[in-house]
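Worksheet: one structure, shown below.
Everything numeric in this text was worked out from a predicted model, so none of it was measured. Count residues from 1 along the sequence.
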Amino acid sequence: MSFPLLTVVAAVPAAGAVATAALPAARRTAAKWLALLVSVVTFALALVVAFRFDPGSKSPYQFTESHAWISDFGVRYALGVDGIAVALIALTTLLIPFIILAGWHDADPLEEAAPNRRWRPTQGFFALILAVEAMVVISFEATDVFVFYLFFEAMLIPMYFLIGGFGDRAGGEDEDGAARRRSNAAVKFLLYNLAGGLIMLAAVIGLYAVTADQLGSGTFSLQQIVEARAAGRLHIGTGTERLLFLGFFFAFAVKAPLWPLHTWLPGAMGESTSPVAVLITAVVDKVGTFAMLRFCLQLFPEASSWATPVILVLALISVLYGALLAVAQRDIKRLIAYASISHFGFIILGIFAMTSQGQGGATLYMVNHGISTAALMLVAGFLISRRGSRLIADYGGVQKVAPILAGTFLIGGLATLSLPGLAPFVSEFLVLVGTFSRYPVIGIIATLGIVLAALYVLVLYQRTMTGPVKPQVNGLPDLRVRELVVVAPLIALLLFLGVYPKPLTDLVNPAVDHTLSVVDKKDPKPTVQVDAVPGGGRHGHAVRDQDVEAAK
C-alpha cells in the first residue's frame, strides 16, 4: 500500500514522547493527558492495522514498506507485519494507555518546590513510556535485521531511566537505600541486555558477510535471505550457521528472559513502579520471544533444529525454577516476576516444540500473559501504594475492607495460574499439547509448572486477602474510578479470550504455518492402535484417512 501505515503507528508515540518531554515543568497535568491521548490514538491506528490485515493472504508480510537507507551496507528501512506481529502490536498499544493511567501519580514530585526546578520528572516519566512504545512497535514491524537490531538495543536507554529514576516508593523510610537498589537494578538490566546485544551485533555482521560473499552484495533483508536459501542461492555452512544462531539466540534469551540469563528481571520488576514492571514483562520482554520466531527460526532453520533439545531443557528449567522460587517469595512484586520467568519458559517451550499447536499456543501465550500479568501487577501496585509495603506478611484480611480490589486481584491471579475459562488456559493447553506430541517426556514434566502456579497464586491470595484484618490494613480504601477504568477492561479481555480465542487463532495460525514451512517442520502424525483379529479382520480403532487428517 502507498500510505505508510506501519511507520505512522510507530511515529505517533515517538512524536508524542518529544512533545510530552518539551512541556514546561508546571504543566504536569497537561503532560499526563497528552501522553494518554497519544497512546489512545496509537491504539486506534493499531486497530486499523488489525482490521485491515488479511490472514488469508499468500504474502508472508503485509503493509510492507521498503526504502533505501544505508545503501553502501545494504541496509533498508523495511517494515512488514504478519499475524504474530499484528497481535503483539495490538497488545502493546492496548496496554500503554492502562500503564499511563495506572502510573498517573507515580512521577509526581514529592516536594511542592519541585515543579519550579528545571528537572521535569512527570514529563520525563510519560515521555519515556511513549518512547519505549515506539521502539517496541517498530521492532515488531522490522523486516530488516539491522533496523530490528537498532531499535532492539535503543529501547534499553529509556527503560534504564524508567527503572533507575522512577522506582517504587514503597518503603520510602529508607529513600537512600531504595535509590541504591533502583540504581543497581537498572545497571544490572542494562549490562545483561547490552552484553546480549553486543554478541548479537557480531552475529549480524557475520550474517552480512555471508550474504555479501555468496549473493554478490550484502543484505540484511529477512525476506531476501529466506528466499535465497529456499532457491539454493545461499548456502550457510553448518558451523557458521550455528555460531550465527547462537549470537542471535543469546540476545533474545536475555530479553525473554530464559534461565540462566534471567537474574536481571526480579530486581528490575521489584524496584520499578508497578506500571513500569508491566512495561518490562508484558511489553518489552515479548520482543525476545517474538524475535526467536521471526529471526532465529527463519534465518537459521538447521541450527534451530540442532539447538532445540538444549533449548527445551532450558525452557523446562525456567518453568519449574521460576515457579518454585515464586512459591518461596515474601515480596509480592518479586513473586510475580518469578512467575513471569516460569511463563516465559512455557512460551519458549512452545516455540521450539516445532509444532503448529506449540507455536500457535506460544504466540497466544505472549498476548494472554501480557494481559493477565498486567491485571495482576497493576492491582498489586494499587494495593502496595495504599499500604506502603511489598511484603506479603504485612497484609491480611484485605477482602473484608476492599472487596473489589480483592476480587480483581483474585481474577488476575486465577488467570496467572491458567484457570479454564480465562485466556491463558487456552495458550498453555496448546503449548503442552504441541510439546507432548513431539517431546512427551518434557511435556509431562512441564505440567508440574501448572501445579506450582496454583500453589503460589492461591497462597499469595490467602495470605494477603483472607484471614483476620490486620490493623495496618483496616480502613484501606477500595479501588477508585481511575483504577477501575484500568483493571475492568483487562478482566473483560481475560474472560472474552478465555471462552472465544478464535479471533487470535485465526490471526496467528497462517504466520505459524509459514514459520514451520521455512524451518521444514511438520506436525507429528497421530499414532493409532489397530488390533488384528483372526480371519484378517480388525477391531478396536478403525480409522479412516480423513479421520487422521481431521485429528491433525
Side-chain angles (χ1 to χ4, degrees), residues 12-13 16 20 28-47 50 89-108 122-123 125-130 132-133 162 166 168-169 272-283 332-333 336 367-387 398-399 401-416 422-424 465 476-498:
V12 168
T20 302
R28 297 197 308 271
T29 303
K32 297 175 184 179
W33 283 106
L34 177 59
L36 181 61
L37 176 62
V38 168
S39 67
V40 171
V41 171
T42 306
F43 177 56
L45 290 169
L47 288 181
I89 290 171
L91 169 70
T92 299
T93 56
L94 167 73
L95 291 181
I96 295 299
F98 299 128
I99 288 172
I100 290 173
L101 274 175
W104 201 252
H105 299 297
D106 284 356
D108 287 349
T122 303
Q123 287 84 337
F125 180 75
F126 293 106
L128 290 170
I129 291 175
L130 291 176
V132 171
E133 179 182 24
L162 283 171
F166 301 93
D168 196 345
R169 291 178 179 176
S272 300
T273 65
S274 292
V276 172
V278 171
L279 189 65
I280 294 170
T281 190
V283 176
I332 297 175
K333 292 171 71 175
I336 299 173
V367 176
N368 294 333
H369 169 263
I371 299 171
S372 62
T373 299
L376 182 61
M377 178 61 85
L378 292 178
V379 176
F382 299 148
L383 178 67
I384 291 168
S385 66
R386 285 159 165 74
R387 173 67 178 83
V398 173
Q399 68 180 11
V401 297
I404 299 176
L405 188 154
T408 53
F409 189 85
L410 178 61
I411 295 174
L414 293 177
T416 298
L422 296 174
M465 302 295 167
L476 207 69
D478 214 334
L479 292 183
R480 304 178 180 91
V481 174
R482 173 179 59 85
E483 296 164 339
L484 282 172
V485 170
V486 170
V487 176
L490 298 175
I491 299 297
L493 268 176
L494 290 173
L495 293 169
F496 174 76
L497 294 175

Review point. Given Val398 and Phe409, is the side chain to side chain contact (heavy atoms under 4.5 Å, CB included) satisfied, shown in steps?
Key: CA-CA 11 Å; Val398 173; Phe409 189 85; over 6 Å; no
**Study point:** Set of residues satisfying side-chain contact (heavy atoms from CB on, under 4.5 Å) with respect to Ala44, sequence neighbours excluded
**Key:** none
Revision key, fill the gap. Taken to the nearest 0.5 Å, the spacing of Asp478 CG from Arg386 CZ works out to 7.0 Å
Point to revise | Check: Leu494 main-chain N/O paired with Asn368 side-chain donor or acceptor under 3.5 Å | key: no
Point to revise | Backbone of Val278 reached by a side-chain donor or acceptor of Thr281 within 3.5 Å | key: no
Review point. Hey, does Leu405 have a side-chain heavy atom less than 4.5 Å from the side chain of Val379?
Key: yes
**Study point:** Exercise: identify the closest heavy-atom pair between Pro477 and Ala402
**Key:** O-CB, 4.1 Å
Practice item. Measure the CG-CD1 distance between Leu94 and Ile89 for me, rounded to the nearest 0.5 Å. Key: 13.5 Å
Revision key, fill the gap. Taken in chain and number order and not counting sequence neighbours, the residues that satisfy side-chain hydrogen bond (donor to acceptor under 3.5 Å, both in side chains) with Thr20 are none
Revision key, fill the gap. Residues at least two apart in sequence or cross-chain that pass side-chain contact (heavy atoms from CB on, under 4.5 Å) with Val485, listed by chain then number, are Leu101, Val481
Study note, to complete from the structure: One should read off an interatomic distance between Thr42 OG1 and Glu133 CD, to the nearest 0.5 angstrom, of 4.5 Å
**Study point:** Contact check, side chains of Leu422 and Ser372, non-hydrogen atoms, under 4.5 Å
**Key:** no
Point to revise | Side-chain donor/acceptor of Lys32 to backbone N/O of Thr122, under 3.5 Å | key: no
Practice item. Indicate yes or no for a side-chain donor-acceptor contact from Thr373 to the backbone of Gly370 under 3.5 Å, with no hydrogens or angles considered. Key: no
Check your understanding: Just how far is it from atom OG of Ser274 to atom CD1 of Ile99, taken to the nearest 0.5 Å?
Key -> 11.0 Å
Check your understanding: Between Leu130 and Phe126, does a side chain to side chain contact (heavy atoms under 4.5 Å, CB included) hold up when you go through it step by step?
Key -> CA-CA 6 Å; Leu130 291 176; Phe126 293 106; 5.7 Å; no
Review point. Among Leu383, Val486, Leu484, which one satisfies side-chain contact (heavy atoms from CB on, under 4.5 Å) with Leu479?
Key: Leu484
Practice item. Could you pull out the closest heavy-atom pair between Pro13 and Val38, with the gap in Å? Key: CA-CG1, 3.8 Å
Study note, to complete from the structure: Scanning both residues in full, the closest heavy-atom pair of Ile280 with Ser272 reads CD1-OG, 3.8 Å
Point to revise | Criterion side chain to side chain contact (heavy atoms under 4.5 Å, CB included) on Leu45 and Val12, from CA distance to verdict | key: CA-CA 9 Å; Leu45 290 169; Val12 168; 3.7 Å; yes
Exercise for review: Evaluate the side chain to side chain contact (heavy atoms under 4.5 Å, CB included) criterion for residues Leu490 and Phe98: first the C-alpha distance (whole Å), next the side-chain angles of each, then the deciding distance (0.1 Å), finally the verdict.
Suggested key: CA-CA 9 Å; Leu490 298 175; Phe98 299 128; 3.9 Å; yes
Point to revise | CZ-CZ distance between Phe382 and Arg482, expressed to the nearest 0.5 angstrom | key: 6.0 Å
Review point. Leu91 versus Val283: any side-chain heavy-atom pair under 4.5 Å?
Key: no
Practice item. Drop me the distance from Leu376's CG to Leu410's CG, to the nearest 0.5 angstrom. Key: 10.0 Å
Check your understanding: Can you name the nearest heavy-atom pair linking Leu36 to Pro97, along with the distance?
Key -> CD1-O, 3.8 Å
